[in-house]
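Let me begin by presenting the structure, written as structure tokens, before commenting on it.
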Amino acid sequence: MPHNASLFVEDKIRQLREQLHHHNYRYHVLDDPDIPDGDYDRLMNELKQLEADHPWSITPDSPTQRVGGAPLKSFGQIRHEVPMLSLDNAFSSEDMADFNRRVNERLKDTSTVEYICEPKLDGIAVSLMYEQGVLITGATRGDGTTGEDITQNIRTIVSIPLKLQGAGWPERLEVRGEIYMPRQGFDQLNERAEKQGEKVFANPRNAAAGSLRQLDSSVTASRPLTMYCYGIGVYDGDNAPETHSDMLNRLGEWGLRINPEVEVVESVKGCEDYYRKLESRRETLGYDIDGIVFKVNPVKLQQQLGFVARAPRWAIARKFPAQEAMTVLKDVEFQVGRTGTITPVARLEPVSVGGVVVSNATLHNMDEIRRLNICVGDSVIVHRAGDVIPKIVKRAGNIARLNNAKAIAPPKVCPVCGSKVDKVTIKVGNAEKEGTALVCVGRLTCKAQREQAIIHFSSRKALDIEGLGSETVALMVSEGLLASVADIFALSYEEIVALEGFAELSARNLIAAIEKAKTTTLQRFIFGLGIPEVGEETARLLAETLGSIEKLAIARREVIQLIEGIGETGAGCIQDYFADNHNRQVLDKMMDKHQVQAVGPDKYSSDFVVKIAFDKLISNIPVYGVGLGIAKRIASKCRDFSELYALSSDQLKEVVRNQRAFDHLLKALPAQKDRLITLEAYLLEEGLHWRTRQNLTDAALTKVNKAKKGALKGKKFVITGKFEGVSRDGLKALVREHDGVIAGSVSKNTDFLLAGEKAGSKRQKAEALGIPVIGLDQFNEMVAAGQSSDRRGSQQETSFKNIDHEDED
Ligand code: D41
């Protein structure tokens, strides 16, 4: 009776799966198996046989489905629905007391706060999504917003349940935690690698990261990875947990691994005790930790505390002190960085510092060498903290200097290109001290700088071009294939395959990776440009505030400086970068000729740009005695500078509440009027205005609404020729601002050719293809379409004013 037979098979399969899930959990999560390995294998084989005979019965959560699928070509991206925050650090008991005080102050509550203490694993943070209890995806933390899709690899980790156990889990549950490699597994892995003459990993963290980044999940499956869970993201269901500890308990009941060392304590005093206890037991844990994470336990209080920047106010990571070791300084070499800065690098007699072999250390600059008073040949103490580059902290005190010790002399010319070396003043440490750095003036004529700029551009946090690492870039630069980052996009298969170390497949892969990198995020693109002072965070701020590379390129320093988190120096560097002709040419080439698309953040909209606070604008007026406090009071009274100037002096006095500041303001305001009104106009023009929606002036609102209409949405424009009083860059920015697309050359897909004077071959081609050729007037009409007619005139004005450069065709 076939019907009954298949019912029987299904039941049997279900039963076997349940048994195997149970034994898996006993073995890998509880570390307490209740059957011998042989019995487990027999059950597994029986299931495999049944599934092979009835392949339609295989489900993704079957214990047989841990490894599967062909190797991937690359990892996809997964956007975290709830951002994965980072953690603030504490380094001392005082830092902890400060943290506790901030928590109490913010909660306006003097009762002691309950904390939960968790060992801080030195692993890889990941996110697992369970839907109806079944593991759907796994992703790395990435930059906190988007991570890599490592689902295939996650599935191979036997202690991660493919299916949650028990009951009561929400419809969708995102579990977060740290994947790590226990020390024993790490040692065995390295032993095996060494025997087979393969590369050994420097530490368990690198081994875990390397194992997770495998495109072939069967490699990951062979690595001893496991995970401890520390939190949740998405929780789509009723009765969300009320405390962090309650949440961890539930995760444990659902079959996830929770660190048994986790403890709830009553107060910050308990945190201190826990820290001391774990520090003393650190070596016996069997896995690496680099500190303790303390979290406010009640979820309600966590919500009241919220977060700043990207870290929660309710949690802190107290780091263990860095580890130190003594070794000999063998030599000092000078390296030229991306921006020309020449950095002395110490070559050391290899020494193990907290389990990692260190043979190089940074010396920062010549001041540092002088301060340390070190010579080549000296015995020195090196210091390593987490992932940071090791540094020399001092000369070993009790060892006399050798007779043949050699003083360290600064280079007179660039060690790479021989250009002159400049001394520039730099800010050191927390920017309170100043120091001097040596800088090669060769800029992009210096091979090292060219090389570094390109390496940076293609690196993982920038355009992430796989296969274009430092060695390949160095080779391509010396072969003359790459002079700037724009040349990357002009590389041909023939050029690449002819290079040493490349074969057909690798060349094809690189071409594909470059093609893929043409569409990237604005943040990555800006970061990749390597503008001095612009790191990942600043790149994010710029991307989120300005929304397009065109706006960034024309933004004035006065405006950039108003973005919360960007200072005077950074703003200056950004403006200088885009003022440089060479940089602009490289940029234009990428955007126009090679069609690189740097996509702004999806939450970007003209509403979102409303990032700049009016109080910050006011405090930007250099008036003696007017700081952010008074600025805030003024901002609460008036919405913009026009309103500020409309205040009577009595009204102003009432707001300022400080005679001296008031006197100074009275004098300063008239003198600053032009500058401030102009600044305000810039802001409006660039689509930027201040924070509160109610605070928007009518003019700004119109601007904001206009940008939403998308009059040119999806239309493909090619722009050619010269236009009176307007640059092509300005026009391009306008097209993009209205969601239009700019193309470099005319094709049958072009919607419009915007032609000015002396339009040449492009016009002919457009006419031949029957593509509409329009002039500035028609273009303006298109832009204005959908806007209220009374704004047309001023629209033109605000869009085209202040264009101060004209480019070549
Ligand atoms: O063990 C860890 N490495 C760990 C990392 C932990 N035990 N707890 C953590 N908690 C958080 C918050 C408070 C933001 C939920 C974390 C991390 N974050 C974290 N890991 C990597 C970045 C942030």
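Side chains are part of it too, since the values below use all heavy atoms of this structure and drop only hydrogens, waters and symmetry mates. When a ligand or atom number is given, it counts from 1 through the structure's own listing order.
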Check: [X]/[Y] side-chain N/O donor and acceptor closer than 3.5 Å:
X      : Y      : value
Ser127 : Glu174 : yes
Asp34  : Tyr27  : no
Ser159 : Thr226 : yes

Which of the numbered atoms in ligand 1 are under 4.0 angstrom from any heavy atom belonging to [X]?
X      : value
Glu118 : 6 (C), 7 (N), 8 (N)
Pro119 : 1 (O), 7 (N)
Ala315 : 13 (C)
Ala125 : 20 (N), 21 (C)

In plain terms, say whether [X] and [Y] are close enough for a salt bridge, that is, a side-chain N and a carboxylate O under 4.0 Å apart.
X      : Y      : value
Arg172 : Glu81  : yes
Lys120 : Glu118 : no
Glu279 : Arg276 : yes

Where does [X] meet ligand 1, judged by heavy-atom distances below 4.0 Å: at the side chain, the backbone, both, or neither?
X      : answer
Ala311 : neither
Leu121 : both
Met84  : neither
Lys120 : both

Identity and distance of the protein heavy atom lying nearest [atom]:
atom                    : result
atom 8 (N) of ligand 1  : Lys295 NZ, 2.9 Å
atom 22 (C) of ligand 1 : Arg141 NE, 3.5 Å
atom 23 (C) of ligand 1 : Leu85 O, 3.3 Å
atom 12 (C) of ligand 1 : Leu87 CD2, 4.2 Å
atom 19 (C) of ligand 1 : Tyr230 OH, 3.3 Å

**Study point:** Gly123 to ligand 1, any heavy atom closer than 4.0 Å
**Key:** no
Practice item. Using the side-chain hydrogen bond (donor to acceptor under 3.5 Å, both in side chains) rule, pick out the option among Gln302, Glu266, Glu114, His244 that qualifies with Asn297. Key: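 Exactly one candidate clears the test, Glu114.
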Check your understanding: Does the ring of Tyr228 carry Arg257 above it, NZ/CZ under 6.0 angstrom from centre and within 45° of its axis?
Key ->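 Ring-cation test returns yes.
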Point to revise | Sub-3.5 Å N/O-N/O distance, Ser86 and ligand 1 | key: no
**Study point:** Within the 6.0 Å centroid threshold, strictly below: Phe320 and Tyr275
**Key:**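 Yes, they do, as the ring centres are separated by less than 6.0 Å.
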Review point. When the aromatic ring centroids of Tyr287 and Tyr180 are compared, is their separation below 6.0 Å?
Key: yes
